[in-house]
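Hydrogens, waters and symmetry mates are skipped; everything else that's a heavy atom, side chains included, is used. Only a predicted model underlies this, so the values are computations on that prediction, with no experimental measurement involved. For ligands, and for the atoms within them, numbers begin at 1 and follow the listed sequence.
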Amino acid sequence: MEQRIKGTTGLLALIGSPVGHSGSPDMYNFCFRYHNLDYSYMAFDIKEDQVPAALDAMRLFKMRGCNVTMPCKTAAAQNMDELSPAARIIGAVNTIVNENGKLVGHMTDGIGFVGNLKDHGVDVKGKKMVVLGAGGAATAIQVQCALDKAASISIFNPNDPFLDRAKNTAAKLKAEVPDCDVQVFCLEDQDKLKEEIAKADILVNGTSAGMKPHEDFSLITDKSVFRPDLIVCDVVYNPEETKLLREAREAGCTKTIGGKGMLLWQGVAAYKLYTGMDMPVEEYKKYQA
Ligand code: NAD
């Protein structure tokens with residue numbers, strides 16, 4: 001590693017808090033070495049109120065880019081020179097590219113979700129979707145799928161503070177992507193949920209339900225909603241197969257897709273934005289094994 005860092009080496013980083021557990025430095029540094037790119041990647045613990053200073057440093061140090069994690073995603077979006085369409089609608093960024101001093105913010109979580117589905121032979125174009133949740137992951141999915149021409153998205157969320165966020169997303173999408181029919185319902189309305197899933201091609205859990213240590217939990221309690229042609233997806237990647245996915249698979253759903261691929265593909269999208277190159281995914285998987 002020491003031999004790789006020279007006077008010309010460009011810096012990229014992850015900012016957020018905490019970041020010590022992140023696998024991003026390992027992944028990006030492997031890829032830069034693999035492609036012989038003169039870049040290095042670090043992680044910096046940055047709190048929300050430190051975001052403007054961190055972005056100034058990014059400009060000052062002419063850093064090529066930053067990945068942004070919680071709790072900095074919204075503050076970063078508010079301090080960009082330009083936003084991608086998805087980042088603008090969501091009001092949050094997870095990837096910043098420094099284009100010769102102009103900081104351009106992107107949100108690649110939704111791109112990662114769509115990329116993972118493509119990797120499993122599923123195109124969201126024209127699909128009817130039910131998405132559970134209205135937090136960061138669910139909103140990114142809803143916005144990207146609408147931009148990528150899903151026919152309809154029915155959002156279900158418990159009657160908690162996130163429900164207003166769902167309504168806000170639906171209103172923005174109605175204005176920005178009118179061809180996609182976006183509706184919001186309370187998750188407590190189980191009859192409506194059943195009715196909407198019966199009409200849907202794709203069901204997505206975009207909440208943390210089923211994530212460790214609550215792996216014995218699924219928001220879908222009526223297993224009669226599962227049918228062979230219903231594609232069932234989860235954003236949760238720990239465990240790799242959630243209770244939702246296991247029960248869907250056992251009930252005969254032929255395509256069940258976990259969150260691990262979404263995580264990988266959002267990184268692939270960010271790598272392309274930074275370098276213009278395709279991330280060496282297979283080589284990185286081999287290196288990790
Ligand atoms: P968040 O806190 O922003 O949103 C949480 C959402 O879950 C809200 O809609 C909330 O209403 C809902 N929720 C929480 N507990 C619930 C419960 N018991 N019953 C029903 N709904 C409940 O969280 P987030 O950042 O969107 O993350 C959600 C999940 O997505 C986490 O498990 C996270 O690890 C995962 N995630 C995965 C990826 C990926 O690339 N695969 C990316 C981002 C997040």
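Scanning the protein heavy atoms around atom 32 (O) of ligand 1, the nearest turns out to be Met211 SD, 2.9 Å. When only non-hydrogen protein atoms are considered, atom 5 (C) of ligand 1 lies nearest to Phe162 CZ, 4.1 Å. In terms of protein heavy-atom proximity, atom 14 (C) of ligand 1 is nearest to Ser208 OG, 3.8 Å. The nearest protein atom to atom 4 (O) of ligand 1, hydrogens excluded, is given as Gly135 CA, 3.3 Å; this is a heavy-atom distance. Closest protein heavy atom to atom 37 (C) of ligand 1: Val235 O, 3.2 Å.
Between Gly136 and ligand 1, at least one pair of N/O atoms sits closer than 3.5 Å.
A salt bridge is defined here as a Lys NZ or Arg NE, NH1 or NH2 lying under 4.0 Å from an Asp or Glu carboxylate O, and Lys199 with Asp201 fails to meet this definition. A salt bridge between Asp278 and Lys272 is present, with a side-chain N of the basic residue lying under 4.0 Å from a carboxylate O of the acidic one. Ion pairing of Asp56 with Arg59 is present here, as a side-chain N (NZ or NE/NH1/NH2) and a carboxylate O approach within less than 4.0 Å. Ionic pairing of Glu196 and Lys128 is not present here: no N-O contact between side-chain nitrogen and carboxylate oxygen is shorter than 4.0 angstrom.
Close approach to Asp160 involves these atoms of ligand 1, each under 4.0 Å from a residue heavy atom: 10 (C), 11 (O). In summary, the atoms of ligand 1 found under 4.0 Å from a heavy atom of Val236, numbered by their order in the structure, are 32 (O). Atoms of ligand 1 found under 4.0 Å from any heavy atom of Gly259, numbered from 1 in the order shown, are 39 (C), 41 (N). Atoms of ligand 1 found under 4.0 Å from any heavy atom of Phe217, numbered from 1 in the order shown, are 18 (N).
Of the inter-residue distances, the one linking Thr254 atom OG1 with Leu230 atom CG reads 9.0 Å to the nearest 0.5 angstrom. In this structure, the separation between SG on Cys253 and CG on Leu203 is 8.5 Å, given to the nearest 0.5 Å.
Contact annotation: for Leu219 versus ligand 1, heavy atoms closer than 4.0 Å belong to the side chain alone. At a 4.0 Å heavy-atom cut-off, ligand 1 does not touch Phe113 at all.
Using a 4.0 angstrom heavy-atom cutoff, Pro158 counts as in contact with ligand 1.
Annotation: salt bridge (Lys or Arg N to Asp or Glu O under 4.0 Å) contacts of Asp38 (sequence neighbours excluded): none.
Side-chain polar atoms of Asp26 and Tyr284 form a donor-acceptor pair below 3.5 angstrom. For the residue pair Tyr39 / Asn29, no side-chain donor-acceptor distance below 3.5 Å is found, with atom types taken as modelled.
Pro158 and Leu163 make their closest contact through O-CB, 3.9 Å (heavy atoms, listed as atom of the first residue, atom of the second, distance).
The option with the heavy atom closest to atom 43 (C) of ligand 1, from among Gly133, Ala134, Ala137, is Ala137. Scanning Thr207, Asn157, Val131 for the heavy atom closest to atom 9 (O) of ligand 1 points to Asn157. Of the candidates Lys73, Arg165, Gln266, Met262, it is Met262 that places a heavy atom closest to atom 38 (C) of ligand 1.
Sorted by first and then second residue, the pairs that involve residues 100-112 and meet side chain to side chain donor-acceptor pair (under 3.5 Å), not counting sequence neighbours, are Glu82-Lys102, Asn94-Thr108, Asn94-Asp109, Thr108-Gln266.
Atom 16 (C) of ligand 1 is not flagged as protein-proximal [any protein heavy atom, distance under 4.0 Å].
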